[in-house]
Structure formats: C-alpha cells, structure tokens
Amino acid sequence: MDSLLVNFFNLGILQQAWPYLLKGLGMTVLLCVVVIPLGVAGGLAVAIASRAPARWMRWAVIAYVDFFRAFPPLVLLMFIAFGLPFLGLDLPAFAAVALAFLLNTSSYYGEIFRAGIESIPRGQFEAARSLGLSATQYMTRVILPQAVKNVLPDLIGNTLEVVKLTSIASVVALPELLYAARQAQAVTYNATPIIAAGIIYLVCLWPLVRLLSRFEHKQLAMR
Amino acid sequence: MSKFAETFLNWQVMAQYLPKIVEGFFVTIQLALAVVVTGIACGLLLAVVRAARVRVVNFFIIVFVDAFRALPPLVVIILFYFALPTVGIRMSGFVATWLALSLVLTAYAEEIFWAGLLAVPKGQWEAARAIGLEFFQALRFVVLPQAVRITIPPLTNRTIAITKNTALGAVVAVGEILYQAQGAYSFSYNPSPLTLGAAAYLILFLPVVWFGRWVETRFAWKR
C-alpha cells in the first residue's frame with residue numbers, strides 16, 4: 001500500500017510535474033481546437049462529394065474513405081512525420097499531426113455525414129428544389145440541419161475518439177499531455193505524472209462519455 | 001519521380017526487410033485476434049451480469065465502462081507497461097497491449113450489448129417468463145438472439161477500430177508491423193520499409209473494412 005502511494009500518488013512529485021502537465025494539457029486542447037474543425041469540414045466535403053453526379057468521383061471518394069479507414073492513425077502519422085522529409089517536405093510536428101488527423105478523421109466524419117444525409121427522405125430534397133433553392137441553399141438550410149440532428153450521437157462519439165487520439169501525437173514528440181507526463185516520469189523516475197495524466201483525461205472526457213451513453217440509450221429506446 | 005521511387009519504393013531495401021515485416025504481420029494478427037476474442041467475450045459477460053440488475057454490481061460495471069471509454073488506449077498501454085512495474089507488476093509489451101486493448105474493447109462491447117438488450121421490448125421478457133422459461137433461458141433463447149442482431153453493426157465497427165490500435169503496441173516494443181517497419185527504417189535510413197508496413201496494414205485491414213461495410217448493409221434496419 002505504501003509503495004502504491006509513493007509510486008502512484010506521490011504529492012511531492014505531482015507538485016513538481018504539475019506545471020508541465022498543465023502545459024501539455026494546453027497543447028492537447030490547442031490540438032483539438034485545430035484538428036476537430038478541420039476534420040468536420042473535411043468530412044462534410046467528403047460527404048457532399050460522395051453524392052456527386054459523376055460516377056468516377058463517387059468511386060474516388062469511397063476509395064479515399066476506405067483507404068484511410070484501413071490505415072491505423074499511428075501508421076499514417078509515422079509515414080507523414082518520417083517519410084515526407086525525404087521528399088524535402090519537412091513539416092513541423094504539429095503540422096504533421098494535423099495533416100494525419102485531417103486525412104484520418106475526415107473519412108470517419110465523412111461516413112457519418114453521408115449516413116445523415118441519406119437518412120433524409122427524398123421528398124425533402126424535391127420540396128427544397130421545387131421551392132427554387134439553389135444547391136448550396138438547400139444543403140445548408142434544409143438537408144444538413146436535419147441530417148446533423150439525426151447523427152448527432154455519432155458525431156459526438158467520433159469527436160470523443162478524436163480527442164483521445166490526440167495522445168498519439170506524443171510518439172512524434174509533440175509536447176501534449178501524454179508526452180509531458182512521460183517526460184516528467186523519465187525525469188522523476190516515478191509513475192505519478194502518468195497516473196495524473198490519466199486522471200486528467202478521465203475528468204475532462206467523462207462528461208462527454210456520460211452524455212453519449214444517454215444519447216445512445218435514448219436512440220435505441222425510440223425504435 | 002525516380003527520386004520518389006528510390007526513396008519510397010526502393011526494391012533492394014524492401015527485399016532485405018520483407019521477412020521482418022512478414023514476421024510483424026503475424027504478430028499483428030495474433031494480437032488482434034487475442035484482443036477481439038477476450039474483449040467481446042468479457043463485454044458480453046458483463047452485459048449479461050448487468051441484466052441481472054444488482055445495483056452495487058451495476059454501479060461498478062458503469063464506472064469501469066465509463067473509465068475505459070474516456071481513457072485514450074495509448075495512455076492505458078503506457079500505464080500498464082511503464083507505471084505498473086514501479087509497484088512490482090511486470091508484463092511484456094505484448095501482454096500490456098493485449099490487456100489494455102481488451103479492457104477497452106470490453107467496455108465498448110458491454111455498452112453495445114447492454115444497449116441491444118434494452119432495445120428488445122419488455123414484452124419479450126415478460127412473454128418468455130410467462131411461458132415458464134427461467135431467467136437464463138429467457139436470456140439465451142429469446143432476448144440475446146434479438147439483441148445480438150441489433151448490436152452486430154456497431155460492434156463490428158468498434159471492433160475494427162480497436163484492432164487497428166494494435167499498431168500502438170509499437171510504442172512498447174511489441175514486434176508487430178509498425179515496430180518492424182520503424183526499426184527497418186532506422187537501420188536503412190530509407191522510408192521504403194514504412195511503405196511496406198503501410199501496404200501490410202492495407203492488405204490486412206482493407207478486407208476488414210469492406211466486411212464492416214457489408215455487415216452494415218446486411219443488418220440494416222428496414223425503414
């Protein structure tokens with residue numbers, strides 16, 4: 001029990017590591033703020049392109065989505081961080097992470113938006129068109145608001161996954177929360193910083209998990 | 001273009017490290033299968049236990065599920081591999097990754113199975129009990145078969161996403177595809193092994209992604 005306290009819940013160590021952990025948390029938040037809107041925007045583009053009239057374009061979108069869904073995000077990140085410099089494209093770690101996340105998350109968000117758009121009855125499209133709305137207008141004013149409402153739990157769920165995924169940025173030495181915790185652990189030779197980082201993730205993400213599980217149950221109860 | 005080929009598709013380097021990547025390929029498959037079997041079995045077990053509605057037990061199940069849905073898998077792996085040894089619990093990278101991903105999959109699978117059980121109308125339970133089936137008989141012959149059908153699409157998608165996380169094992173020196181590719185890349189200082197590793201992931205996971213797509217249409221609810 002004593003060894004547990006000394007190694008996992010050591011207040012002295014926590015006090016030392018706290019400023020680094022906070023800085024790491026700041027970087028994680030910054031990463032989320034950049035990566036989530038990028039992924040959502042990319043996903044919308046993917047979803048809209050998947051309804052293009054040209055068949056080759058629809059196929060290209062399916063290929064893009066399947067390709068990046070089959071790739072583990074960490075593999076993609078490694079490829080971008082270590083492979084691209086050989087082509088003279090030496091991205092800073094943050095940009096490499098952002099690019100990897102854009103490619104990965106836009107295909108997931110894209111699938112969700114596509115399912116949302118497909119859930120809208122045909123009559124809505126026809127009615128919107130017959131009212132004389134332009135393509136952009138009927139998408140943004142009629143279809144998307146209903147589509148987003150239908151897939152809101154999936155959108156929140158995917159966003160939760162994206163937030164958790166930012167921890168892989170530690171592998172390419174981007175100083176986010178997990179990286180800061182591991183550095184602090186290496187310096188102090190004590191596991192407290194990692195435990196603290198875990199608790200920080202829990203505290204930040206637990207409300208989202210609760211919200212999600214309420215949504216899921218409500219959705220199933222309506223069937 | 002030739003520079004690109006020489007950098008990313010260097011046949012000489014690829015031929016040299018192909019055996020390593022193939023070795024990693026089988027480690028990835030082993031790890032993934034172990035995680036899927038453990039995670040789904042434990043998830044189903046927990047959901048069945050939860051169906052018995054013992055308040056204290058369910059409280060702990062909910063806490064467990066929420067925690068492993070909120071924690072990033074990489075944080076759990078690092079906790080097991082780097083933090084637990086400081087209190088005398090040592091495990092190999094393979095075991096740490098297997099255990100961490102299995103716990104995460106257990107949490108998600110429990111939630112999905114539980115939602116599926118709830119989605120079966122209460123009348124089904126009551127009718128099953130009314131014709132003289134015991135609790136476990138009602139569960140086994142009436143409720144579970146209906147619940148499983150509802151849960152298959154989300155469970156498939158979640159399982160695929162979690163098996164891709166086997167790549168995280170590279171961080172704790174599990175000799176799977178990414179680890180082998182990374183090692184070969186640092187030895188040869190050429191990213192061709194990374195290309196090879198990426199190809200190995202595509203060979204492994206593209207069919208899985210397609211299977212997921214097929215499952216989604218096969219079990220789709222008729223509207």
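Model, not experiment: these values are computed from the prediction. Letters A, B, ... mirror the listed sequences (proteins, then strands); counts begin at 1.
- Both the backbone and the side chain of B:Leu168 come within less than 4.5 Å of a heavy atom in chain A.
- The two residues B:Pro72 and A:Ser167 have their closest heavy-atom pair at CB-OG, 3.5 Å.
- Rounding to the nearest 0.5 Å gives a distance of 6.5 Å between CG of B:Asn157 and CZ of A:Arg69.
- Only the side chain of A:Ile195 comes within contact range of chain B, judged by heavy atoms closer than 4.5 Å.
- Contact annotation for B:Tyr201: both backbone and side-chain heavy atoms come within less than 4.5 Å of a heavy atom of chain A.
- Taking the six-membered ring for Trp and thresholds of 30 and 60 degrees, B:Tyr185 and A:Phe82 have nearly parallel ring planes, at less than 30 degrees apart.
- Interface summary for chain A: among B:Pro154, B:Ala198, B:Gly212, the most heavy-atom pairs under 4.5 angstrom belong to B:Ala198.
- Of the atoms belonging to A:Tyr189, not a single heavy atom falls under 4.5 Å from chain B.
- With a 4.5 angstrom heavy-atom cutoff, B:Tyr179 does not touch chain A via any of its atoms.
- Within 6.0 Å of CD in B:Gln12 there are 12 or fewer heavy atoms belonging to other residues, nucleotides or ligands.
- Other residues, nucleotides and ligands contribute at most 12 non-hydrogen atoms within 6.0 Å of the CZ atom of A:Arg214.
- Heavy-atom distances place the side chain of B:Ile62, and not its backbone, under 4.5 Å from chain A.
- Enclosure of atom CD in A:Gln15 is not indicated, since only 12 or fewer non-hydrogen atoms of other residues, nucleotides or ligands lie within 6.0 angstrom.
- Of the atoms belonging to B:Thr195, heavy atoms from both backbone and side chain fall under 4.5 Å from chain A.
- Using a 4.5 Å heavy-atom threshold, the side chains of B:Arg69 and A:Leu212 count as touching.
- Atom NZ in A:Lys164 sits 12.0 Å away from atom CG in B:Leu74 (nearest 0.5 Å).
- Using modelled atom types, no side-chain atom of A:Gln185 and backbone atom of B:Ala83 make a donor-acceptor pair closer than 3.5 Å.
- Note that CZ of B:Phe68 and CG of A:Leu202 are 9.0 Å apart. Values are rounded to the nearest 0.5 Å.
- Residues A:Phe8 and B:Leu84 are in side-chain contact: their nearest non-hydrogen atoms beyond the backbone lie under 4.5 Å apart.
- Around atom CH2 of B:Trp125, more than 12 heavy atoms belonging to other residues, nucleotides or ligands sit under 6.0 Å away.
- Atom CD1 in A:Ile62 sits 5.5 Å away from atom CZ in B:Arg213 (nearest 0.5 Å).
- Within the model, atoms CG of B:Asp66 and CG of A:Leu205 stand 11.5 Å from one another, a figure rounded to the nearest 0.5 Å.
- With a 4.5 Å cut-off on side-chain heavy atoms, A:Leu74 and B:Val171 count as touching.
- Counting heavy-atom neighbours within 6.0 Å of A:Tyr20 OH, excluding the residue itself, gives a total of 12 or less.
- Interface residue A:Leu178: only side-chain heavy atoms are found under 4.5 Å from chain B.
- Annotation for A:Gly198 and B:Leu71: closest pair O-CD2, 3.4 Å, computed over non-hydrogen atoms.
- Of the two parts of A:Val171, only the side chain, counted from C-beta on, holds a non-hydrogen atom closer than 4.5 Å to a non-hydrogen atom of chain B.
- A centroid separation of less than 6.0 Å is found between the aromatic rings of B:Phe8 and A:Phe79.
- Interface residue A:Ser170: only side-chain heavy atoms are found under 4.5 Å from chain B.
- Heavy-atom pairs under 4.5 Å with chain A were tallied for B:Thr86, B:Leu79, B:Leu194, B:Val76; the largest tally goes to B:Thr86.
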